[in-house]
Q: 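My structure is below; once you've seen it, I'll send some questions.
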Amino acid sequence: MKKRLLFLLLLLFALFAVIFVIPEVLERYGPGRGTEASDSSTGTLEPESGRTEPGTETLESRTFPYETVETETETEETPPETEYDPGEPVAREKIETNLMIASDIHYMSPSLTDYGKAYQTMADNGDGKVIQYMPQIWEAFASKVKEARPDALILSGDLTLDGEKVNHQEFAGRLRELEAAGVPVLVIPGNHDINNHNASAYFGDERTYVESVSPEEFKEIYGEFGYAEAASQAPDSLSYLYILNDTTWVMMLDTCIYNPENLVYGAIPEGTLVWMEQCLQSAYSQGITVIPVGHHNLQELSRVYVEECVIENHREAIKIFERYLTPVFLSGHLHVQRIMKHISEPGEDSDVYGIWEIVSNSLIIPPCQYGILNLHKDGSLSYHTDRTAVSEWAAANGESNPDLLDFSAFSSQYLRTVIKQQIYREIDGIPDYIRDIMVDFYAELYEDYYAGHQIRYSEKKKEQGYLFWDRFMNPSILFRQVEGMMRDGMAVNGQAEIPNPIGLRRK
């Protein structure tokens, strides 16, 4: 009986050890569980790295104000990646170079419309393009190009209304006439030009969809206008490099997205960025000025149009351009005449280098103007705009249409009428006589804004039209547009003097 009782006691003791004692030992000393782990090679117990018991303190875990504690286990930080330094620029006298620039031509063949109701609906809901006189505007502009005989005519995209193949083919024929007259023409696509599902014809009451072009077809149609003579072409876009002379290159950049479908916004593909830097590096080492041209904008230039205008990876592009002291970037797309120097921070001194951007407004939106860019021997550049002299061309060619003979007055009135009709529909619940004053104010401001005319902000705010906008439409999107146009227009956007970047301080 005593033996059986003793056996039961031993069994209970063993059971107690299994349930309570052994787990506690494993918890304290088992590998991966407690503060210590067994060193199997020595049979000793060593602290497990990175673990501490609650309430204990190690040198690694202690913190001291204003003191850095170095330990043997501290890893060495990876040094920041340094940017490539192209070295000092090469000072070199430049060959005088003269360029003419036009953008957003939006050419439309008369064969695609009868100018009936469908066409009128499209035009009335646009931004004031004088599409019905597109052929005449182009002829007047082309006559000026032939007379001026620039070293090149640069067209920065949106060559056609909506990418219609017929429009591309007919417009290419008009460009051949310029090349036959001895003027090299350089083109790139805009967001309207390739794989555009909006390509249309307008007859009677109906809009019908017509054939657009692929990237390959675009390059084939315009092969004579830059591509065939290119010194180099990008591997993944329709970008190319054109050598104007021994000291000036033009880099035509395809910033459009059209694969697998056409999109409004733009970006520069990775392969093109690499190619772009290689071209700039080569030019920099030889003292050659490179003038890049893209359809989309390199900077945020408008308080009114804030979406889908700026190149998506524009910061990376600016970084590359400025690394090689690129003086200016030419663009379009915005339809607004704008000029802006890139600055890194507000209040930056004027003698600090930054790339300039010149945005050309649309050739067929009044005042139907184009740009003239001159590169001087000292490496500086000057730019100004000029109007297409449609009336003079019409008179010289025997035109009898009064719209063409007084085109400046007609086109201005046409633009204001289109815009006024659109804005009038947007504001209601206001007495008609007040609404008339408001839409007149908006249309006049719109015309000046698109043309790049300087706007006197403080004086404009005193006008009755603005006071009504402030009273009845503040806050609203339309009022923000009014304010944005007035503020953007305070700068001079029709001319610029750009110094040689070599003489400026680097950031």
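If you're wondering where the values come from, they're calculated on a predicted model, not measured in any experiment. Only this structure's heavy atoms are used, side chains among them; waters, hydrogens and symmetry mates stay out.
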Q: Would you check if there is a donor-acceptor pair between the side chains of Asp193 and Thr160 at a distance under 3.5 Å?
A: yes

Q: Find out whether Ile221 and Gln169 are in side-chain contact, i.e. whether some heavy atom of one side chain is under 4.5 Å from a heavy atom of the other.
A: yes

Q: Using 0.5 Å steps for rounding, measure from the CD atom of Glu444 to the OG atom of Ser412.
A: 9.0 Å

Q: Mind jotting down which residue pairs meet the ring-ring contact (aromatic ring centres under 6.0 Å, His included) criterion with at least one end in residues 345-391? Sequence neighbours excluded, please.
A: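 Matches after skipping sequence neighbours: Phe141-Tyr370.
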
Q: Quick check for you: to the nearest 0.5 Å, what is the distance between His453 atom NE2 and Asn493 atom CG?
A: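 Interatomic distance, His453 NE2 to Asn493 CG, rounded to 0.5 Å: 10.5 Å.
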
Q: Will you find, in the side chains of His335 and His106, an N or O donor that is under 3.5 Å from an N or O acceptor?
A: yes

Q: Would Tyr133 and Asn401 count as having a side-chain donor-acceptor pair, cut-off 3.5 Å?
A: yes

Q: Supply the atom-to-atom distance Leu334 CG to Ser362 OG, rounded to the nearest 0.5 angstrom.
A: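 Rounded to the nearest 0.5 Å, the CG-OG separation comes to 11.5 Å.
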
Q: Ignoring hydrogens and geometry, is there a side-chain-to-backbone donor-acceptor pair from Ser391 to Leu404 under 3.5 Å?
A: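 Yes: the side chain of Ser391 pairs with the backbone of Leu404.
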
Q: Which heavy atom in Ala199 sits nearest to a heavy atom in Ser212, and how many Å separate them?
A: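 Looking at all heavy atoms of both residues, the closest pair is CB-CB, 4.1 Å.
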
Q: Can any side-chain N or O of Ser360 pair as donor or acceptor with the backbone N or O of Ala102 at less than 3.5 Å?
A: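 Side chain of Ser360 to backbone of Ala102: no pair is present.
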
Q: Between Phe407 and Phe410, how do the two ring planes meet: parallel, tilted or perpendicular, split at 30° and 60°?
A: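 Tilted: the ring planes of Phe407 and Phe410 meet at 30° to 60°.
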
Q: Is there a donor-acceptor contact under 3.5 Å linking the side chains of Thr417 and Gln413?
A: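 Per modelled atom types, Thr417 and Gln413 side chains form a pair under 3.5 Å.
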
Q: If you round to the nearest 0.5 Å, how far is OG1 of Thr97 from CG of Asn245?
A: 4.0 Å

Q: When you check the side-chain N and O atoms of Tyr240 and Glu229, is any donor under 3.5 Å from an acceptor?
A: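 There is no such pair (donor and acceptor under 3.5 Å, judged by atom type) between the side chains of Tyr240 and Glu229.
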
Q: Checking salt bridge (Lys or Arg N to Asp or Glu O under 4.0 Å) for the pair Glu139/Arg174: CA distance, chi angles, key distance, verdict?
A: CA-CA 9 Å; Glu139 285 299 321; Arg174 292 185 179 274; 2.4 Å; yes

Q: Do Lys460 and Met485 come close enough that some side-chain heavy atom pair is under 4.5 Å?
A: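 Of all side-chain heavy-atom pairs linking Met485 with Lys460, none is under 4.5 Å.
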
Q: Just to verify, which of Asp254, Ile320, Leu298, Asn313 counts as forming a side-chain contact (heavy atoms from CB on, under 4.5 Å) with Ile268?
A: Asn313

Q: Quick one: does Tyr242's side chain get under 4.5 Å of Pro184's, heavy atoms only?
A: yes

Q: State, yes or no, whether a side-chain contact exists between Arg92 and Asp246 at a heavy-atom distance under 4.5 Å.
A: yes

Q: Verify, without hydrogens or angle tests, whether Thr388 (side chain) and Val390 (backbone) share a donor-acceptor contact under 3.5 angstrom.
A: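 Checking the backbone N and O of Val390 against the side chain of Thr388, no donor-acceptor pair under 3.5 Å is found.
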
Q: If we only count heavy atoms from C-beta on, is the Leu381 to Ile291 side-chain gap below 4.5 Å?
A: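 A side-chain contact under 4.5 Å exists here.
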
Q: Would you say Lys146 has more than 12 foreign heavy atoms packed within less than 6.0 Å of its NZ?
A: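 Yes, the 6.0 Å shell around NZ holds more than 12 heavy atoms from other groups.
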
Q: Does the side chain of His333 come under 3.5 Å of the side chain of Asn297 through a donor N or O and an acceptor N or O?
A: no

Q: Can a donor-acceptor pair be found between the side chains of Tyr107 and Glu170 at a distance below 3.5 Å?
A: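 On atom types as modelled, these side chains qualify, holding a pair under 3.5 Å.
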
Q: Is a donor on one side and an acceptor on the other found under 3.5 Å between the side chain of Arg338 and the backbone of Asp488?
A: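 At least one qualifying donor-acceptor pair exists.
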
Q: Taking only residues at least two apart or on different chains, which pairs with a member in residues 93-112 satisfy salt bridge (charged side-chain N to carboxylate O under 4.0 Å, His left out)?
A: none

Q: Is any side-chain heavy atom of Asn191 closer than 4.5 Å to one of Asp158?
A: yes

Q: Ignoring hydrogens and geometry, is there a side-chain-to-backbone donor-acceptor pair from Asp151 to Asn98 under 3.5 Å?
A: yes

Q: Distance from Leu375 atom CG to Ser382 atom OG, nearest 0.5 Å?
A: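 Output value for this atom pair is 9.0 Å.
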
Q: Measuring from Leu301:CG to Cys309:SG, what's the distance to the nearest 0.5 Å?
A: 9.0 Å

Q: Inspect the surroundings of CZ in Arg456 and state if more than 12 heavy atoms from other residues, nucleotides or ligands are less than 6.0 Å away.
A: no

Q: For the residue pair Val359 and Ser331, establish whether any side-chain heavy-atom pair is separated by less than 4.5 Å.
A: yes

Q: Can you tell me if Arg387 and Ser408 form a side-chain donor-acceptor pair at under 3.5 Å?
A: yes

Q: Between the side chains of Asp236 and Thr272, is a donor N or O closer than 3.5 angstrom to an acceptor N or O?
A: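 Judged by distance alone, the side chains do pair up.
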
Q: With no hydrogens and no angle check, is any side-chain donor or acceptor of Asn198 less than 3.5 Å from a backbone partner on Asp162?
A: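 It does not hold such a pair.
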
Q: Is the ring pair Phe171/Trp138 parallel, tilted or perpendicular, if the boundaries are 30 and 60 degrees?
A: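 The rings of Phe171 and Trp138 stand perpendicular, inter-plane angle above 60°.
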
Q: Count the heavy atoms of every other residue, nucleotide or ligand shown that sit under 6.0 Å from CD of Glu300, and state whether that count exceeds 12.
A: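 For Glu300, atom CD is not crowded (no more than 12 foreign heavy atoms under 6.0 Å).
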
Q: Decide if atom CD of Glu206 counts as having more than 12 heavy atoms of other residues, nucleotides or ligands within a radius under 6.0 Å.
A: no

Q: Inspect the surroundings of CD in Glu177 and state if more than 12 heavy atoms from other residues, nucleotides or ligands are less than 6.0 Å away.
A: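 Yes, the 6.0 Å shell around CD holds more than 12 heavy atoms from other groups.
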
Q: Please output the side-chain donor-acceptor pairs of residues 476-483 that fall under 3.5 Å, not counting sequence neighbours, one pair per line with the distance.
A:
from: Ser476; atom 1: OG; to: Met473; atom 2: O; distance (Å): 2.6
from: Ser476; atom 1: OG; to: Phe479; atom 2: N; distance (Å): 3.1
from: Gln481; atom 1: OE1; to: Tyr442; atom 2: OH; distance (Å): 2.7
from: Glu483; atom 1: OE1; to: Tyr457; atom 2: OH; distance (Å): 2.9
from: Glu483; atom 1: OE1; to: Arg487; atom 2: NE; distance (Å): 3.2
from: Glu483; atom 1: OE2; to: Tyr457; atom 2: OH; distance (Å): 3.2
from: Glu483; atom 1: OE2; to: Tyr466; atom 2: OH; distance (Å): 2.5

Q: Is any side-chain heavy atom of Leu161 closer than 4.5 Å to a side-chain heavy atom of His192?
A: no

Q: Verify, without hydrogens or angle tests, whether Asn167 (side chain) and Met108 (backbone) share a donor-acceptor contact under 3.5 angstrom.
A: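 Flag not set: sc Asn167 to bb Met108 has no pair under 3.5 Å.
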
